[in-house]
Protein chains: 2
Amino acid sequence: MNFSKTSKYALRILSHMAKDETAQYSAQQLHEDINIPVRYLRRLLTDLSKSGFIKSTHGRNGGFTFSRSASQIFLSEIVDSVDGFESINGCILGYDSCAFDYKCPMHVIWQETKQKVINTLKNTSLHDLRKNDLVFD
Amino acid sequence: MNFSKTSKYALRILSHMAKDETAQYSAQQLHEDINIPVRYLRRLLTDLSKSGFIKSTHGRNGGFTFSRSASQIFLSEIVDSVDGFESINGCILGYDSCAFDYKCPMHVIWQETKQKVINTLKNTSLHDLRKNDLVFD
DNA sequence: ATAAAATGCTACTTAATTTTAGTATTTCTT
DNA sequence: AAGAAATACTAAAATTAAGTAGCATTTTAT
Ligand code: SF4
Ligand code: SF4
């Protein structure tokens with residue numbers, strides 16, 4: 001039960017950026033703040049731009065800012081963009097395709113918990129994180 | 001949010017075996033039943049033996065049987081033995097070590113959901129799976 | 001103009017996970 | 001005694017995920 005390292009990175013990046021939602025962050029700055037290998041971080045930032053969470057401005061004073069309000073970016077979207085929603089929602093036994101008509105015992109037992117996970121991710125926006133903000137770096 | 005492929009395999013293996021708890025299963029048989037690459041399956045079975053869930057008997061009519069009651073094998077133990085408990089319980093942002101004194105917003109938000117996951121895994125035994133058994137192969 | 005500081009693209013490298021192979025050993029059947 | 005059918009051990013190959021490098025481009029400061 002885990003997110004991929006890359007998903008965790010993405011959560012780190014965006015939740016950190018949400019601390020000052022309108023600020024612009026450079027890869028270098030973020031690297032110093034949240035300790036992700038800088039070249040990989042840059043790639044992720046580009047990916048997150050392409051996914052529409054943030055937008056980049058080029059050139060000397062460039063960097064990244066949110067492309068929509070943090071209150072409209074939900075954790076589920078972030079994980080989905082990196083790992084794919086199937087990583088959360090897929091079969092707990094790892095079957096690619098399953099006749100969902102007949103739900104196996106494991107399915108039944110896991111169902112509610114999975115739904116809780118999904119709901120938490122779907123209902124939590126980056127803005128929500130600010131509610132009980134504590135500096136952590 | 002995911003288990004490793006190997007953990008999923010382990011869950012497949014043991015939940016399948018729990019359908020007939022006292023039966024003996026050979027790797028070949030299990031391979032045909034649950035469709036895991038047979039050589040890898042064999043290695044996993046050996047690992048699961050070492051972890052104490054099942055025991056092996058060698059030789060021609062050999063195979064694997066549970067080494068303790070399925071009602072005393074909990075899903076959390078299985079996942080723990082393969083991926084490690086940290087994979088479930090660890091930091092959602094992927095930090096190796098964190099001053100747990102100050103819990104960051106993400107921690108607070110994830111806490112309850114994580115606990116639900118842990119509780120489900122800790123409270124569900126392989127025997128519990130049989131309650132609403134439906135054949136799935 | 002030129003240099004600095006930033007992102008973007010593409011390919012390569014390294015590390016981790018998953019799969020396969022070879023060989024040895026055990027036990028049962030005949 | 002020989003062969004069949006099983007597990008055990010170890011190494012290697014293949015695949016996937018994570019991290020690195022080089023170079024191009026954009027914009028700003030001087
Ligand atoms: S029913 Fe069982 S096998 Fe099918 S998707 Fe659900 S958990 Fe997986
Ligand atoms: S407080 Fe935040 S950074 Fe620390 S372990 Fe919890 S989620 Fe991770």
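Just so we're on the same page: letters track the sequence lines, and every chain starts at 1.
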- Query: Can you find a side-chain donor-acceptor pair between E32(B) and Q28(B) that sits under 3.5 Å?
  - Reply: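 Yes, side-chain donor-acceptor contact under 3.5 Å.
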
- Message: Under a plain distance cut-off of 3.5 Å, with no hydrogens placed, do D83(A) and S7(A) share a side-chain donor-acceptor pair?
- Response: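 The criterion, which ignores hydrogens and geometry beyond distance, is satisfied for D83(A) and S7(A).
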
- Message: Need one value for K50(B): base, sugar-phosphate or nothing, where a base atom within 4.0 Å counts as base even if backbone is also close, heavy atoms only.
- Response: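 Result for K50(B) = sugar-phosphate.
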
- Item | Neighbours of DNA chain C within residues 22-31 of chain A, by heavy-atom distance under 4.0 Å |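 Residues of residues 22-31 of chain A that come under 4.0 Å of DNA chain C are, in numerical order, S26(A), A27(A).
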
Roughly how many Å is it from [atom1] in [X] to [atom2] in [N], rounded to a whole number?
{"X": "F3(B)", "N": "dT17(C)", "atom1": "CZ", "atom2": "C1'", "answer": "18 Å"}
{"X": "N35(B)", "N": "dT18(C)", "atom1": "CG", "atom2": "C1'", "answer": "15 Å"}
{"X": "I54(A)", "N": "dA6(C)", "atom1": "CD1", "atom2": "P", "answer": "15 Å"}
{"X": "L41(B)", "N": "dA8(D)", "atom1": "CG", "atom2": "C1'", "answer": "14 Å"}
{"X": "K55(A)", "N": "dT27(D)", "atom1": "NZ", "atom2": "P", "answer": "15 Å"}

- Task: For F53(B), enumerate each residue passing the ring pair (Phe, Tyr, Trp, His ring centres under 6.0 Å) test, keeping only those at least two apart in sequence or located in another chain.
- Result: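 Listed in chain order: nothing, the list is empty.
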
Those residues that, when tested against [X], pass side-chain hydrogen bond (donor to acceptor under 3.5 Å, both in side chains) (two or more places apart):
{"X": "T113(A)", "value": "T120(B)"}
{"X": "T65(A)", "value": "none"}
{"X": "S26(B)", "value": "none"}
{"X": "D80(B)", "value": "none"}

- Can you list the residues that meet the side-chain contact (heavy atoms from CB on, under 4.5 Å) rule with T57(A), with sequence neighbours excluded?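 Here the qualifying residues are Q24(A).
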
- With the threshold set at 4.0 Å, does a side-chain nitrogen-carboxylate oxygen contact exist between E112(A) and K116(B)?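 A salt bridge links E112(A) with K116(B).
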
- Query: Under a 3.5 Å cutoff on both atom distances, Watson-Crick or G-U, what's the dot-bracket for DNA chain D ([ ] crossing, | other strand)?
  - Reply: ||||||||||||||||||||||||||||||

- Query: Does R39(A) or I36(A) map to a spot on DNA chain D nearer the 5' end, using the closest nucleotide for each?
  - Reply: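 In this pair, the answer is I36(A).
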
- Query: For atom CG of D96(A), is the number of surrounding heavy atoms from other residues, nucleotides or ligands below 6.0 Å larger than 12?
  - Reply: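 For D96(A), atom CG is not crowded (no more than 12 foreign heavy atoms under 6.0 Å).
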
- Query: What distance separates M1(A) CE from K114(A) NZ, expressed to the nearest 0.5 Å?
  - Reply: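 Interatomic distance, M1(A) CE to K114(A) NZ, rounded to 0.5 Å: 9.5 Å.
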
- Item | Those residues that, when tested against E86(B), pass salt bridge (Lys or Arg N to Asp or Glu O under 4.0 Å) (two or more places apart) |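 Once residues adjacent in sequence are excluded, E86(B) has no partner under the salt bridge (Lys or Arg N to Asp or Glu O under 4.0 Å) criterion.
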
- Message: So, does T46(B) get its side chain near the phosphate of dA8(D), meaning an N or O under 4.0 Å from OP1 or OP2?
- Response: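 For dA8(D), OP1 or OP2 has a side-chain N or O of T46(B) closer than 4.0 Å.
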
Enumerate, atom names and distances included, each donor-acceptor pair closer than 3.5 Å involving a side-chain atom of residues 36-48 of chain A, sequence neighbours excluded.
| from | atom 1 | to | atom 2 | distance (Å) |
| --- | --- | --- | --- | --- |
| Y40(A) | OH | T6(A) | OG1 | 2.8 |
| T46(A) | OG1 | R42(A) | O | 3.1 |

- Item | Summary of protein contacts for nucleotides 13-18 of chain D, nucleotide by nucleotide, where a base hit scores B, a sugar-phosphate-only hit scores S (4.0 Å, heavy atoms) | -----S

- Heavy-atom protein contacts under 4.0 Å, nucleotides 24-30 of chain C, coded B base, S sugar-phosphate only, - none: --BBBS-

